[in-house]
Amino acid sequence: MSMDSDNLNLVDDLNTQEFTINMGPYHPSTHGVFRAVLTLDGEVIVKEENVLGYLHRGMDKIAETRTYSQFVPYTARLDYLASALNNMGYVQTVEKLMGIEVPERAEYLRVIIAELQRIASHYLMLGSTTNDVNAVTGFLYYMHDREKVLDLLEMVTGARLTSNYMRIGGVIDDLPEEFFPKVKEFLAYLPGRLEMMETLILGNEIFQERMKNVGVITAQMALDYGVTGPNLRAAGVRFDLRKVAPYSAYGKIDFEVPVLKNGDAFDRYQIRLMEIKQSLRIIEQAVQQLPEGPIMAKVPKLIKPPAGEVFHKMEGARGILGFHLVSDGGPKPYRLHIHGPSFVNIGIMPAIAPGMLLQDFLAAFATIDVDMGEVDR
């Protein structure tokens, strides 16, 4: 049946009008105090703008008013979901400037705690992302297993979230005897749970529909925007500082760098499951190879690095974590700049958001996995 001219004119007049909404800042869907200004055409995103700064605490400047040792606990408040990794990156930076050689046992202890922290961080990302797409059962399973990781971290560091275990020159304490049977029990327990979660979540058709081909980041886009960590590897680039430029005890441990190729939300989710398996390999070897010896180098009580500057980077839970430290020879940093991977990674959102549906934005943003404490500092 053909349409008359009046009906055709009516169809032509049905022009949609773009409108702007604020998404955030609120928990949990924006994973912290993140605000996205979205320009929509119906439910389709036309433009996205990141609005940051709601959590700004001036960490880089606070460092200038604290001694080098006093600033170590502050690093745990950067990416507070991977606090031990921040501790490690900062103390390594000071050690690099001072030329301190860390005892071998301390290096292995650092690796054990760092990889447990990486697992805990990835687990929270996996659980919260699962919750964001309404798979609440999966979220509960992830949180149940994450508690076991936190129990191990608490046993060694005394904290479940913001640990303060690393010290300039080594670590504050050795592993307690009860840690070894517990970590071996954990290493035997987790692989089966990971296999179950892959079946429960990755094999779910609804989950696949929500995640596949959503928020695609190509390898070239990732490199252009400086995206690093699991998001870069999910886009097909096999780059991990633990392999490319080994530090601490990583050069003595055998593990693989997982890589996928699609760069979508599904691959960013899956790559973290794959990385957890490698973290388990690293922890198992580190425990087996753990040498005897001291856990602290001989360092002065009041640390005064020689005048100069240094940049040190490491593989954090969300990508390359860097510290640019400037010393004037005094007991406090003259300048400190923190290169947080979350701050860099979040910059790609305006590039991938246009064209996706509003509901897909949550899945894309969740799998970028940002920590707003690291973004705003």
Side-chain angles (χ1 to χ4, degrees), residues 79 81-82 84-86 88-89 92 107-108 110-126 129 149 187 190-191 193-195 197-198 201-202 211 215-289 312-322 339-342 344-345 348 367-371 374:
D79 178 0
L81 303 176
L85 290 164
N86 302 321
M88 188 174 181
Q92 285 179 330
E107 294 285 26
Y108 274 89
R110 286 181 175 183
V111 167
I112 292 170
I113 297 304
E115 292 308 311
L116 284 172
Q117 188 74 82
R118 194 183 310 275
I119 292 173
S121 177
H122 283 355
Y123 252 102
L124 188 63
M125 177 272 180
L126 293 166
T129 300
V149 188
L187 292 172
L190 204 59
R193 296 286 288 190
L194 290 172
E195 185 177 345
M197 296 311 295
E198 289 175 350
I201 305 298
L202 297 183
M211 304 290 277
V216 175
I217 299 174
T218 66
Q220 191 59 53
M221 285 177 65
L223 294 173
D224 289 344
Y225 280 84
V227 173
T228 57
N231 298 325
L232 177 64
R233 294 186 282 273
V237 181
R238 195 184 301 273
F239 184 89
D240 188 317
L241 282 176
R242 294 172 295 174
K243 278 287 189 181
V244 176
Y247 53 89
S248 193
Y250 284 108
K252 304 173 185 177
I253 295 174
D254 178 45
F255 66 99
E256 298 173 5
V257 178
V259 64
L260 296 172
K261 61 181 181 179
N262 296 318
D264 57 7
F266 189 82
D267 277 10
R268 289 194 293 272
Y269 186 97
Q270 186 177 4
I271 199 77
R272 287 168 172 88
L273 283 167
M274 298 166 70
E275 292 197 0
I276 289 172
K277 295 178 182 178
Q278 296 305 313
S279 290
L280 291 175
R281 284 181 62 183
I282 294 171
I283 295 168
E284 183 176 19
Q285 292 175 68
V287 170
Q288 290 175 349
Q289 299 174 18
H312 174 71
K313 58 185 181 294
M314 62 170 294
E315 191 70 33
R318 287 158 183 78
I320 293 178
L321 172 65
H339 174 96
S342 291
V344 180
N345 292 344
I348 204 169
T367 52
I368 296 293
D369 187 27
V370 301
D371 186 324
E374 188 176 65

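Excluded from the calculations below are hydrogen atoms, water molecules and symmetry mates; all remaining heavy atoms, backbone and side chain alike, are included. Predicted model only: the values in this text are computed from it and were never measured.
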Would you check if [X] and [Y] make a side-chain contact, meaning some heavy-atom pair closer than 4.5 Å?
{"X": "I320", "Y": "P341", "result": "no"}
{"X": "I283", "Y": "L116", "result": "yes"}
{"X": "R281", "Y": "E284", "result": "no"}
{"X": "D79", "Y": "L85", "result": "no"}
{"X": "R272", "Y": "M125", "result": "yes"}
{"X": "Q92", "Y": "S248", "result": "yes"}
{"X": "L202", "Y": "F266", "result": "yes"}
{"X": "M197", "Y": "L126", "result": "no"}

For Q289, look at atom CD and say whether over 12 heavy atoms of other residues, nucleotides or ligands are found less than 6.0 Å away.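 It does: Q289 CD has more than 12 such atoms within range.
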Is it the case that the side chain of [X] and the backbone of [Y] share a donor-acceptor pair, with hydrogens and angles ignored and the cut-off at 3.5 Å?
{"X": "R118", "Y": "G316", "result": "yes"}
{"X": "R238", "Y": "V257", "result": "yes"}
{"X": "E115", "Y": "S279", "result": "no"}

Atom [atom1] of [X] and atom [atom2] of [Y]: how far apart are they, to the nearest 0.5 Å?
{"X": "E315", "Y": "Y250", "atom1": "CD", "atom2": "OH", "result": "9.0 Å"}
{"X": "M88", "Y": "M314", "atom1": "CE", "atom2": "CE", "result": "5.0 Å"}
{"X": "H339", "Y": "E374", "atom1": "NE2", "atom2": "CD", "result": "9.0 Å"}
{"X": "Q288", "Y": "L187", "atom1": "CD", "atom2": "CG", "result": "9.0 Å"}
{"X": "N345", "Y": "D371", "atom1": "CG", "atom2": "CG", "result": "12.0 Å"}
{"X": "I119", "Y": "L280", "atom1": "CD1", "atom2": "CG", "result": "4.5 Å"}

Report all side-chain donor-acceptor pairs from residues 215-226 shorter than 3.5 Å, counting only partners two or more places apart or in another chain.
residue	atom	partner	partner atom	Å
T218	OG1	M221	N	3.1
Q220	NE2	D224	OD1	2.9

Residues in salt bridge (charged side-chain N to carboxylate O under 4.0 Å, His left out) contact with D264, at least two apart in sequence or another chain: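 For D264 there are no salt bridge (charged side-chain N to carboxylate O under 4.0 Å, His left out) partners, ignoring immediate neighbours.
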Candidate pair V344 and T228, rule side chain to side chain contact (heavy atoms under 4.5 Å, CB included), full reasoning: CA-CA 8 Å; V344 180; T228 57; over 6 Å; no
For N262 and R268, run side chain to side chain donor-acceptor pair (under 3.5 Å): C-alpha distance rounded to whole Å, both residues' side-chain angles, the deciding distance at 0.1 Å, then the answer. CA-CA 9 Å; N262 296 318; R268 289 194 293 272; over 6 Å; no
How far apart are the closest heavy atoms of A286 and V111, and which atoms are they? CB-CG1, 4.4 Å
Between I348 and I368, which heavy-atom pair has the shortest distance, and what is it?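 Scanning both residues, the minimum pair turns out to be CG2-CD1, 4.3 Å.
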H122 and its side-chain contact (heavy atoms from CB on, under 4.5 Å) partner, picked from Q117, R318, E275, M274: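 The passing option is E275.
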Geometric cation-pi criterion K243 and F255, 6.0 Å radius, 45° cone: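 Yes, K243 and F255 form such a contact.
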